[in-house]
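In this text, all values refer to a predicted model and were calculated from it rather than measured experimentally. Each chain gets a letter, A, B and so on, in the order its sequence line appears, and its residues count up from 1.
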Protein chains: 2
Amino acid sequence: MLSKNEEDYLKVLFHLLTGEGGDRAGTNQLAQQLEVKPASANSMLKRLSEKKLVEYQKYSKPILTPLGRATALQLIRRHRLWETFLFQKLNFAWDEVHEVAEQLEHVQSEKLIEQLDRFLGYPKFDPHGDPIPDAQGNMAVREYELLANIAPGQRVRITGMKDSSTAFLQYLNDLGLALHSELLVLEHIPFDNSLRLALPDGLTAQVSEKFALHVFVLRLD
Amino acid sequence: MLSKNEEDYLKVLFHLLTGEGGDRAGTNQLAQQLEVKPASANSMLKRLSEKKLVEYQKYSKPILTPLGRATALQLIRRHRLWETFLFQKLNFAWDEVHEVAEQLEHVQSEKLIEQLDRFLGYPKFDPHGDPIPDAQGNMAVREYELLANIAPGQRVRITGMKDSSTAFLQYLNDLGLALHSELLVLEHIPFDNSLRLALPDGLTAQVSEKFALHVFVLRLD
DNA sequence: ATGCCGTGTTAGAGTTGTCTAACAAAAGAA
DNA sequence: TTCTTTTGTTAGACAACTCTAACACGGCAT
């Protein structure tokens, strides 16, 4: 049985190792993500190593053992199921779900998660478009392209967000955009790589390259 | 913000002080309920006293402050709402809900609880028949009589259980009884105060006085 | 190769909560 | 009242974290 803190470290470690820059998973990165000091992260790495969740020897980069990876995937499963529940059933806005799911994911009960999954109709994606692992840890791969790479004239549907920060989600909200929104790329401005978009409500908006690099889309033909 | 442990102590203290033998709320009782040693309960009482949740001076019985009582009622609200959710929506048996609710009740989010309440249709009673406090801490009083006091010939409906131990709930289950079950008292055996009952399934059963003292019922006329 | 600087590690202390063991107070019995 | 038993309290230690401060390693530039 893992403590809440051990679970938190494990999950962050998984995300650091799985995200593109898989080499950025050092003591400092870990500490920064968890908002603790490097010394704390270091001693937790030792503890997770003793519990066979992480392979770690000092001054080297940690990696997850198969057990560690499987455990992390279950945590991600719980987190995303709870997010889906909060969004679909309890009227939470999609930028409010994360914080509460962060607490709910630590509740220990196999049956709870399996029944929650059933209750929600075995969803494949959470409200941010991230795939939900099944009980075996398998998850769908999201079909995606970055909005930044779409040519003018192309119609697309939003399938996910790379960034789930509140600021980003709020901005999306303000634009009237959400998961599954459809939009049309009108123009690509070469000077700063910003885009002009036709929004669902009929209005147009201009968004920065940075924005467009954080939105995943599917081409509609 | 209270820790999980502080919340647990507070809740047990409330139940000890509110249950009939309100004087049985000493250090030892508290420790026994929480499965810790008296020394631990003692130091927690001091901490709760510093936080103005409990009035306590050494060698005297602790009592809850108004703040402590209000806080405990919110915990009970959360617990009973989660029990109701697990029972109604997630197919949990009523003797399985307690343990998981015990974890869920510590999740901190006003909105979560208010939305859960709405989602469940503002239930007044949990699956054991215990009343659910509202956001202000008010709760319905259950109309009840003990099954042990019902005269033969009287038809009654089960409205609650005094004991929520797994053993007791399992026994009820085995008899085919649950909250809202209706039954008829057939005979009262004076020798040991046991009762013969007509059960919903048409069968009869004989139950001990001890059993009958743990079931709350409403007379049906 | 040498030195520097960022990354990583250790030692030692604080907090929350647990325990055991010893002691003090209150309550009940004689 | 006095003795005994129960109940409650304290001191000191340990575990799971956290931190600060000091130190070790390793990569990079000169």
Handout entry: Nearest-Å distance for atom pair CG/P, residues L34(B) and dC19(C)
Key = 10 Å
Handout entry: Side-chain N,O (K58(B)) to OP1/OP2 (dT10(D)) below 4.0 Å
Key = yes
Problem - SB check E110(B) R78(B) (cutoff 4.0 Å) - result: no
Exercise for the section: Using a heavy-atom cut-off of under 4.0 Å over every strand shown, decide if E6(A) touches base, sugar-phosphate, or nothing. Expected result: sugar-phosphate
Exercise for the section: Give a yes/no on whether any side-chain N or O of S40(B) is located under 4.0 angstrom from OP1 or OP2 of dG17(C). Expected result: no
Fill in the blank from the handout: To the nearest angstrom, the CE-C1' distance between M1(B) and dT16(C) comes to 17 Å
Handout entry: side-chain contact (heavy atoms from CB on, under 4.5 Å) partner of L16(B), chosen from Q33(B), K61(B), K11(B)
Key = Q33(B)
Practice task
Tell me, yes or no, whether the heavy-atom count around K51(A) atom NZ, taken from other residues, nucleotides or ligands under 6.0 Å, exceeds 12.
Solution key: yes
Practice task
Using a cut-off of strictly less than 4.0 Å, decide whether S43(B) has a side-chain nitrogen or oxygen near OP1 or OP2 of dT18(C).
Solution key: no
Fill in the blank from the handout: Testing dG8(D), dC19(D), dT9(D) for proximity to the side chain of K37(A), the answer is dC19(D)
Exercise for the section: Side-chain contact test, heavy atoms from C-beta onward, threshold under 4.5 Å: evaluate it for I76(A) versus H15(A) and give yes or no. Expected result: yes
Pair up each side-chain donor or acceptor in residues 90-101 of chain B with any protein partner under 3.5 Å, not counting sequence neighbours, and list the distances.
| from | atom 1 | to | atom 2 | distance (Å) |
| --- | --- | --- | --- | --- |
| N91(B) | ND2 | Q115(A) | OE1 | 3.3 |
| D95(B) | OD2 | Q170(B) | NE2 | 2.8 |
| E96(B) | OE1 | K111(A) | NZ | 2.8 |
| E96(B) | OE1 | A93(B) | N | 2.9 |
| E96(B) | OE2 | K111(A) | NZ | 3.4 |
| H98(B) | ND1 | H79(B) | NE2 | 3.1 |
| H98(B) | ND1 | E83(B) | OE2 | 3.4 |
| H98(B) | NE2 | E102(B) | OE1 | 3.2 |

Exercise for the section: Write down the distance between NZ (K61(A)) and P (dT7(C)), rounded to a whole number of angstrom. Expected result: 9 Å
Exercise for the section: Assign each of S3(A) and K46(B) to its nearest nucleotide of DNA chain D by heavy atoms, then name whichever residue's nucleotide is nearer the 5' end. Expected result: K46(B)
Completion exercise
When rounded to whole Å, the CG to P distance for the pair L16(A) and dT7(C) reads 14 Å
Exercise for the section: Ignoring backbone atoms, test whether Y9(B) places a side-chain nitrogen or oxygen under 4.0 Å from the OP1 or OP2 oxygen of dT18(C). Expected result: yes
Completion exercise
Side-chain atoms of R47(A) come closest, of dC17(D), dT18(D), dT20(C), to dC17(D)
Problem - Gap between atoms CE and C1', on M44(B) and dT16(C) respectively (whole Å) - result: 8 Å
Exercise for the section: May I ask you to evaluate whether K4(B) reaches the phosphate of dT16(C), defined as a side-chain N or O under 4.0 Å from OP1 or OP2? Expected result: no
Handout entry: Residue A39(A), side-chain atoms from C-beta onward, closest of dT18(D), dC19(D), dT18(C)
Key = dC19(D)
Exercise for the section: Flag the pair D117(B) and R77(B) as a salt bridge only when some basic side-chain nitrogen lies within less than 4.0 angstrom of an acidic carboxylate oxygen. Expected result: yes
Exercise for the section: Determine: side-chain N/O of N5(B) to OP1/OP2 of dT16(C), distance under 4.0 Å, yes or no. Expected result: no
Problem - Y59(B) OH to dT6(D) C1', straight-line distance once rounded to whole Å - result: 12 Å
Practice task
Check every strand shown and say whether N42(A) touches a base, only sugar-phosphate, or nothing at a heavy-atom separation below 4.0 Å.
Solution key: base
Practice task
Can you figure out which of dT18(C), dT9(D), dT20(D) approaches the side chain of Y56(B) most closely?
Solution key: dT9(D)
Practice task
May I have the distance from L45(A) (atom CG) to dT18(D) (atom P), rounded to whole angstrom?
Solution key: 11 Å
Completion exercise
Rounded to whole Å, CD of Q57(A) lies from P of dA24(D) at a distance of 21 Å
